[in-house]
Amino acid sequence: LGDCIMLTPAINALIENGEKIIIEMQNDQQCREISPIFNGLEDVQFSEYPSERLYILNKDKVHTAKRALYQLGFYNKSCIPKIKLEEAELNWATSYLSKFINPIILVNDGGGTSDPTNYRAKYVKGPPDNMQKMTDFCISKGHTVLQFGHKREILGSGYKSFTPLEGAIYIRDLDIRQQAACFAIIGKIIAFDSGLQHLMLSVGGQAVTSIPDENLTLGYEYWDLLYPESEFEGPVRVRYINHRDFLNKKENILNFLNETA
């Protein structure tokens, strides 16, 4: 999900330039579930053998989404992701969420965090009890914590994809467009570096993202993955907090997310 969303700046730039494009994705169940995020941008075609990925390697330490823009010749476009939602989708989400008081989204899973052999995913997620403690804190401050998750219990890896947060309300029956619309209405998320925090930024919301130290061995480098403040057109909508400082800054996290609530 995150990889696809990080392509939307390049897709939007091409559309603004009047070019007709086709988005090509692997023909499997997971890609078909994710592909509707491109609705309203361009058509998606599914292939058994998709073309080479757009990203290119470089030595200039340019953000992943920015590299796609540069490869296409766009050097003055923001790399902040953006998808398009219809008014009817937003109206549906407003109605769906009306039963929740002061909702906030917390993320406790990513693609691979349940796989015991995926050391990078576990490293990026950080201490396993951080999000539970943050859930408890948010509830104590009057928030309803919503935890969105895959409709399917088992992903292609064969591992469970949903780790419940005690006290949260679990929402697992929505497709990706419905989730995106809900994210747009709620507008605030607490996550580690995962696809859902990219989704929140793509619909104009705010995110606080808990991150690990940089780790070259595991391929986690800030310049490559964290959106630069200078890329936002308007107020900066994401704060990155190191895992070891995360719980010490609980008040600051909620204050940032509630600034424009």
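Since the structure is predicted, the reported quantities are computational estimates derived from the model, not experimental observations.
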Glu33 side chain reached by Ile176 side chain, heavy atoms, under 4.5 Å:
no

At what distance, to the nearest 0.5 angstrom, does CD of Gln30 lie from OG of Ser35?
11.5 Å

Asn102 side chain reached by Thr144 side chain, heavy atoms, under 4.5 Å
no

Is Met134 close to Ile253 at the side-chain level, that is, under 4.5 Å between some pair of heavy atoms?
yes

Quick one: does Gln147's side chain have a donor or acceptor within less than 3.5 Å of a partner on Leu165's backbone?
yes

Straight-line distance of Leu69 CG to Leu7 CG, nearest 0.5 Å:
9.5 Å

Could you give the distance from NZ (Lys125) to NE2 (His243), rounded to the nearest 0.5 Å?
10.0 Å

Is Tyr123 reachable from Trp223 through a run of hydrophobic residues whose side-chain heavy atoms are each under 4.5 Å from the next?
no

Roughly how far, to the nearest 0.5 Å, is OG1 of Thr209 from CG of Asn242?
12.5 Å

Going through the distances and angles, do Arg244 and Asp213 end up as a side chain to side chain contact (heavy atoms under 4.5 Å, CB included)?
CA-CA 9 Å; Arg244 60 177 166 269; Asp213 292 328; 3.0 Å; yes

Which heavy atom of Ser194 sits nearest to which heavy atom of His198, and what is that distance?
O-CD2, 3.2 Å

Which class fits the ring pair Trp92 and Tyr96: parallel under 30°, tilted 30 to 60°, perpendicular over 60°?
parallel

Side-chain contact, heavy-atom cut-off 4.5 Å: Ile190 with Met131?
yes

Exercise: identify the closest heavy-atom pair between Ala68 and Ala10
CB-CB, 4.1 Å

Contact check, side chains of Ile104 and Val145, non-hydrogen atoms, under 4.5 Å
yes

State whether Tyr220 and Arg120 meet the cation-pi test: NZ (Lys) or CZ (Arg) under 6.0 Å from the six-membered ring centroid, and within 45° of the perpendicular axis.
no

Stepwise side chain to side chain contact (heavy atoms under 4.5 Å, CB included) test for Lys141 and Glu251
CA-CA 10 Å; Lys141 293 296 182 178; Glu251 292 281 358; 3.3 Å; yes

Check Ile83, Leu72, Ile23 against Ile11 for a side chain to side chain contact (heavy atoms under 4.5 Å, CB included) and give me the one that passes.
Ile23

So, do Pro36 and Asp175 sit near enough that their side-chain heavy atoms are less than 4.5 Å apart?
no

Closest approach of Ile37 to Cys4 (non-hydrogen atoms, all atoms of both residues):
CD1-CB, 3.9 Å

Only counting residues at least two apart or in another chain, list the ones meeting ring-ring contact (aromatic ring centres under 6.0 Å, His included) with Tyr170.
Phe162

Considering residues, nucleotides and ligands other than Gln26, do more than 12 of their heavy atoms fall under 6.0 Å from its CD?
yes

Evaluate the side-chain proximity of Leu196 to Gln179: yes if any heavy-atom separation is below 4.5 Å, no if none is.
yes

Between Leu226 and Leu218, is there shared hydrophobic-cluster membership here, with clusters defined by ILVMFWY side-chain heavy atoms closer than 4.5 Å?
no

Would you find more than 12 non-hydrogen atoms of other residues, nucleotides or ligands less than 6.0 Å from Glu86 atom CD?
no

Heavy-atom closest contact (Arg67 atom, Asp224 atom, distance)
NH1-OD1, 2.7 Å

Centres of the Phe183 and Phe148 rings: under 6.0 Å?
yes

Would you say Asp193 and Gln197 are linked by a side-chain donor-acceptor pair, where the criterion is simply a distance under 3.5 Å?
yes

Does a donor on one side chain and an acceptor on the other come within less than 3.5 Å for Gln132 and Asp136?
yes

Between OG1 on residue Thr117 and NZ on residue Lys122, distance to nearest 0.5 Å
9.0 Å

Counting only N and O atoms by type, is there a donor-acceptor contact under 3.5 Å from the side chain of Ser78 to the main-chain atoms of Glu231?
yes

side-chain hydrogen bond (donor to acceptor under 3.5 Å, both in side chains), that's the test. Do Asn17 and Glu19 meet it? Break it down for me.
CA-CA 6 Å; Asn17 204 43; Glu19 300 187 40; 2.9 Å; yes

Counting N and O atoms only, with roles assigned by atom type, does the side chain of Gln206 sit under 3.5 Å from a partner on the main chain of Arg239, one being a donor and the other an acceptor?
no

When rounded to the nearest 0.5 angstrom, what distance separates NE2 in His143 from CG in Leu106?
10.0 Å

Tell me if a side-chain donor or acceptor on Glu89 pairs with a main-chain N or O of Ala181 at a distance below 3.5 Å.
no

With sequence neighbours excluded, what pairs up with His63 under the ring-ring contact (aromatic ring centres under 6.0 Å, His included) test?
Tyr227

Can you find a pair of side-chain heavy atoms, one from Glu221 and one from Leu216, that are under 4.5 Å apart?
yes

So if you build clusters from Ile, Leu, Val, Met, Phe, Trp, Tyr with side-chain heavy-atom gaps below 4.5 Å, do Ile211 and Tyr119 land together?
no

Verdict with supporting geometry, Asn130 and Phe192, side chain to side chain contact (heavy atoms under 4.5 Å, CB included)
CA-CA 10 Å; Asn130 266 12; Phe192 56 94; over 6 Å; no

Looking only at heavy atoms, the pair that brings Pro103 and Leu146 closest together is CB-CD1, 3.9 Å

Around atom NZ of Lys82, are there more than 12 heavy atoms of other residues, nucleotides or ligands at under 6.0 Å?
no

Evaluate Ile241 against Phe256 for side chain to side chain contact (heavy atoms under 4.5 Å, CB included), listing each step before the verdict.
CA-CA 12 Å; Ile241 299 177; Phe256 169 69; over 6 Å; no

Shortest non-hydrogen pair, Pro164 vs Asn108, comes out as O-ND2, 4.3 Å

